[in-house]
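A quick write-up on the structure given underneath.
The residues of the chain are indexed from 1 along the displayed sequence.
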Amino acid sequence: MDRPGIGIALGAGAARGLAHIGVLQVLQKEGINITCVAGASIGALIGALFCAGIELNRLEQLASYLKLKHIIDFSVFPRKGGVIQGEKLREVLNVFLRDMSFSDLKLPYAAVATDLTTGEEVIFRRGSVVTAVMASCAIPGVFVPIKTAGRLLVDGGLVDRVPIRALRELGATRMVGVDVGPNLRTGRFRSAVEVTMQAFDIMQEVIVRLKTTEADVLIRPDVGDFSLIRLDKANQLIERGREAAIEALPQIKELIR
């Protein structure tokens, strides 16, 4: 008889998403059976590597080594909807996932992207894993959108920051979400930019609350104050993920009893 397990949805959050590694490390160490993974943006990237069987300690080492120069290739003349071409990121992904399709992965996996033309959520469950991850990570206006199957695709976090729906489509019955989004600011707002950012964060927070109601457990690492691009904070972000997962363990263990 198979052990009871959980499906896990790894959310969007750029560099903050490195906390997902710490969450997965704790769950693996505790013997929690992960049956499937869905991811958006950085969550799609880490989820794909995990489902491909890449050891979490190796992912931690990679995260500690990576710098922006390894994944960012600016275009001198911004074109095609983004200032970063994305070829360096593709090269990094190809080291681990080259030519892999979803059927090659060790666990059922889904990646979420957004159709830039229609605003629809697009859930990848077949085809090229690298293409799916690239689409899910294509931050609008930053990375060049990915064209595939007649669609123009960008970051999945736009429509589903923590993709519980995609997890349900994979057949998960016990669902855990990991949200690495921003924390709402408190205190004084010193500029119009801070007011605007707070307004966007509030809208995102409302959407996340609505879309994660089906999650049995929602893990929220305390990473909202970290910059979206501070890859040099990898060790701290991963540790925040561990801390949040340890705190959530009683709920998760109760879920799979």
Scanning both residues in full, the closest heavy-atom pair of Ala215 with Gly177 reads CB-N, 4.4 Å

Do you reckon Ile146 sits in the same ILVMFWY cluster as Leu116, going by side-chain contacts under 4.5 Å, direct or chained? no

Interatomic spacing from CG in Leu49 to CE in Met100 - rounded to 0.5 Å: 9.5 Å

Non-hydrogen atoms of Ala9 and Val162 that approach each other most closely: O-CG1, 3.9 Å

So, do Ile34 and Leu27 sit near enough that their side-chain heavy atoms are less than 4.5 Å apart? yes

Taking the side chain as every heavy atom from C-beta outward, state whether Asp155 and Cys137 have any pair of such atoms under 4.5 Å apart. no

Once you round to the nearest 0.5 Å, how far does CD1 of Ile8 lie from CZ of Arg174? 15.0 Å

All side chain to side chain contact (heavy atoms under 4.5 Å, CB included) counterparts of Ser101, not counting sequence neighbours: Ser103, Asp104

Rounded distance [0.5 Å steps], CZ in Arg98 versus CZ in Arg90: 10.5 Å

Provide the full list of salt bridge (Lys or Arg N to Asp or Glu O under 4.0 Å) pairs with a residue in residues 117-146, sequence neighbours left out, each pair given once. Glu120-Arg151, Glu121-Arg165

Listed by chain and number, what are the side chain to side chain contact (heavy atoms under 4.5 Å, CB included) partners of Glu243, not counting sequence neighbours? Glu239, Arg240

Co-membership, hydrophobic cluster, residues Val37 and Leu45, 4.5 Å side-chain: yes

Residue pairs meeting salt bridge (Lys or Arg N to Asp or Glu O under 4.0 Å), one or both in residues 32-55, sequence neighbours left out, come to none

In terms of hydrophobic clustering (I, L, V, M, F, W, Y; side-chain heavy atoms under 4.5 Å; direct or indirect links), are Leu89 and Leu18 co-clustered? yes

Can you name the nearest heavy-atom pair linking Ala245 to Ile219, along with the distance? N-CG2, 4.2 Å

Transitively linked via ILVMFWY side-chain contacts under 4.5 Å: Leu56 with Leu93? yes

To the nearest 0.5 Å, what is the distance between CG (Asp222) and CZ (Arg16)? 11.0 Å

Among all residues two or more places apart in sequence or in another chain, which pass the salt bridge (charged side-chain N to carboxylate O under 4.0 Å, His left out) test with Arg161? Asp179, Glu205

Once ring pair (Phe, Tyr, Trp, His ring centres under 6.0 Å) is applied, what residue pairs with a partner in residues 23-65 remain, sequence neighbours excluded? Tyr65-His70

Under the side chain to side chain contact (heavy atoms under 4.5 Å, CB included) rule, collect the residues that match up with Gln61, sequence neighbours excluded. none

Would you say Thr35 and Pro108 make side-chain contact, with heavy atoms under 4.5 Å? no

Please list all pairs passing the ring pair (Phe, Tyr, Trp, His ring centres under 6.0 Å) test where one or both residues lie in residues 82-103, with sequence neighbours left out. Phe102-Tyr109

Just list the side-chain donor-acceptor pairs under 3.5 Å for residues 249-257, sequence neighbours left out, or say none.
unit_1, atom_1, unit_2, atom_2, d
Lys253, NZ, Glu30, OE1, 2.9
Glu254, OE1, Arg257, NH1, 3.1

Any heavy-atom pair between the side chains of Ile21 and Ile46 that's under 4.5 Å? yes

To the nearest 0.5 Å, what is the distance between CD1 on Ile42 and CD1 on Ile139? 9.0 Å

Does the side chain of Cys36 reach to within under 4.5 Å of the side chain of Leu167, using non-hydrogen atoms? yes

Between CD1 on residue Ile84 and CD1 on residue Ile71, distance to nearest 0.5 Å: 8.0 Å

Which residue pairs satisfy the salt bridge (Lys or Arg N to Asp or Glu O under 4.0 Å) criterion with at least one member in residues 225-237, sequence neighbours excluded? Arg230-Asp232

What I'd like to find out is whether the side chain of Ile238 reaches to under 4.5 Å of the side chain of Val23, using heavy atoms alone. no

State, to 0.1 Å, how close Ala19 and Val180 come at their nearest heavy-atom pair, and which atoms those are. CB-CG1, 4.1 Å

Using the ring pair (Phe, Tyr, Trp, His ring centres under 6.0 Å) rule, collect all pairs that involve residues 214-257, keeping only residues at least two apart or in two chains. none

For a 4.5 angstrom cut-off between non-hydrogen side-chain atoms, does Leu153 reach Thr114? no

Among all residues two or more places apart in sequence or in another chain, which pass the side-chain hydrogen bond (donor to acceptor under 3.5 Å, both in side chains) test with Thr131? Ser128

Check whether any side-chain heavy atom of Ile6 sits under 4.5 Å from a side-chain heavy atom of Asn33, and report yes or no. no

If I compare all heavy atoms of Val133 with all of Ala48, which pair ends up nearest, and what's the gap? CG2-CB, 3.7 Å

By the definition side chain to side chain contact (heavy atoms under 4.5 Å, CB included), identify the one residue from Thr212, Val208, Leu218 that meets it with Ile164. Thr212

Would you say the side-chain atoms of Ser136 pair up with the backbone N or O of Ala132, donor to acceptor, closer than 3.5 Å? no

Shortest non-hydrogen contact from Val144 to Gln85? CG2-CA, 4.0 Å

I'd like to know if the side chain of Ser41 reaches the main chain of Ala12, judged simply by a donor and an acceptor atom lying under 3.5 Å from each other, with no hydrogens or angles considered. no

Given the rule that I, L, V, M, F, W and Y join up when any side-chain heavy atoms are under 4.5 Å apart, are Val112 and Val176 in one cluster? no

